[in-house]
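Bear in mind that the values here come from a model prediction, so they are computed numbers and not experimental data.
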Amino acid sequence: MQETAERLLIIDDDEMFCHVLHRAMSRRGFDALVAHDAAQALSLARQHRPTMATLDLKLEQESGLKLLPELLALVPDCRVVVLTGYSSIATAVEAIKLGAVNYLCKPADADEVLTALSREEGDPEAEVAEHPPSINRLTWEHIQKVLQEHDGNISATARALGMHRRTLQRKLQKRPVRR
């Protein structure tokens with residue numbers, strides 16, 4: 001097996017996803033490490049200095065967006081791709097502003113992750129949607145934006161949106177609307 005200079009830190013609370021991605025990246029020659037929460041991720045980053053990382057946007061009760069600047073403060077040259085099953089324009093923009101090199105929606109396979117980690121520039125050939133998003137998708141996007149503005153505080157977000165906190169919690173537990 002070849003010796004590798006590339007060390008990948010996989011940060012995700014989904015143990016099965018971590019297992020599959022770890023195995024796939026190890027087979028591709030990466031020295032892959034796995035963390036399931038922010039504290040473990042920071043400890044591994046401090047100890048092993050990864051060159052690349054995948055970061056789940058939603059880690060149990062923690063936000064990957066809050067972990068991102070801390071991770072990059074420890075390892076400034078680390079290339080981070082944010083992965084999420086709860087994608088929104090607001091979180092994608094924030095992830096890039098905070099230093100992520102890319103943002104992928106789950107499910108993403110190892111090849112997509114590698115492509116996202118290695119891309120140096122944007123793609124002017126990226127497809128533009130033919131149809132505008134549905135009102136349900138726009139609602140989801142707006143809720144995510146307001147939630148981000150209130151640092152993930154459900155009560156403050158509910159007040160800002162003029163809805164009951166439990167109603168907002170129910171909406172947030174659902175998967176995002178596709179279109």
| task | Give a yes or no on whether the backbone of M163 and the side-chain of T167 come within a donor-acceptor separation of less than 3.5 Å. | result | no

| task | Taking all non-hydrogen atoms of both residues into account, name the closest pair between A158 and L168 and its distance. | result | N-CD2, 3.5 Å

| task | Consider only side-chain heavy atoms of I, L, V, M, F, W and Y, link residues closer than 4.5 Å, and tell whether I154 and L161 are in one cluster. | result | yes

| field | E149 with K145: basic N within carboxylate O range, under 4.0 Å | value | yes

| request: Compare every heavy atom of L59 with every heavy atom of H36, then report the nearest pair and how far apart it is. | output: O-CD2, 4.4 Å

| query | What residue among V81, L68, L83 forms side chain to side chain contact (heavy atoms under 4.5 Å, CB included) with L55? | reply | L68

| field | Cluster overlap M52 with Y103, hydrophobic side-chain contacts below 4.5 Å | value | no

| said: Do D77 and R49 make a side-chain contact, defined as non-hydrogen atoms from C-beta onward lying under 4.5 Å apart? | reply: no

| field | Shortest non-hydrogen contact from L71 toward A53 | value | CD2-CB, 4.2 Å

| request: Using a strict cut-off of less than 4.0 Å between a Lys/Arg side-chain nitrogen and an Asp/Glu carboxylate oxygen, indicate whether D12 and K106 qualify as a salt bridge. | output: yes

| field | salt bridge (Lys or Arg N to Asp or Glu O under 4.0 Å) evaluation trace for K58 with D14 | value | CA-CA 10 Å; K58 196 171 182 181; D14 181 337; over 6 Å; no

| Taking atom CG of L98 as the centre, does the number of heavy atoms from other residues, nucleotides or ligands within less than 6.0 Å exceed 12? | yes

| message | I need the minimum non-hydrogen distance between V82 and A100, along with the two atoms involved. | response | CG2-CB, 3.9 Å

| query | How close do K66 and E70 get, heavy atom to heavy atom, and via which atoms? | reply | O-OE2, 3.3 Å

| query | Can you hop from F30 to V20 via hydrophobic side chains spaced under 4.5 Å? | reply | no

| request: Taking all non-hydrogen atoms of both residues into account, name the closest pair between L9 and L44 and its distance. | output: CD1-CD1, 3.9 Å

| Any side-chain donor near an acceptor of the partner, E6 and T51, under 3.5 Å | yes

| OG of S88 to CG of L147: how many Å apart, nearest 0.5 Å? | 9.0 Å

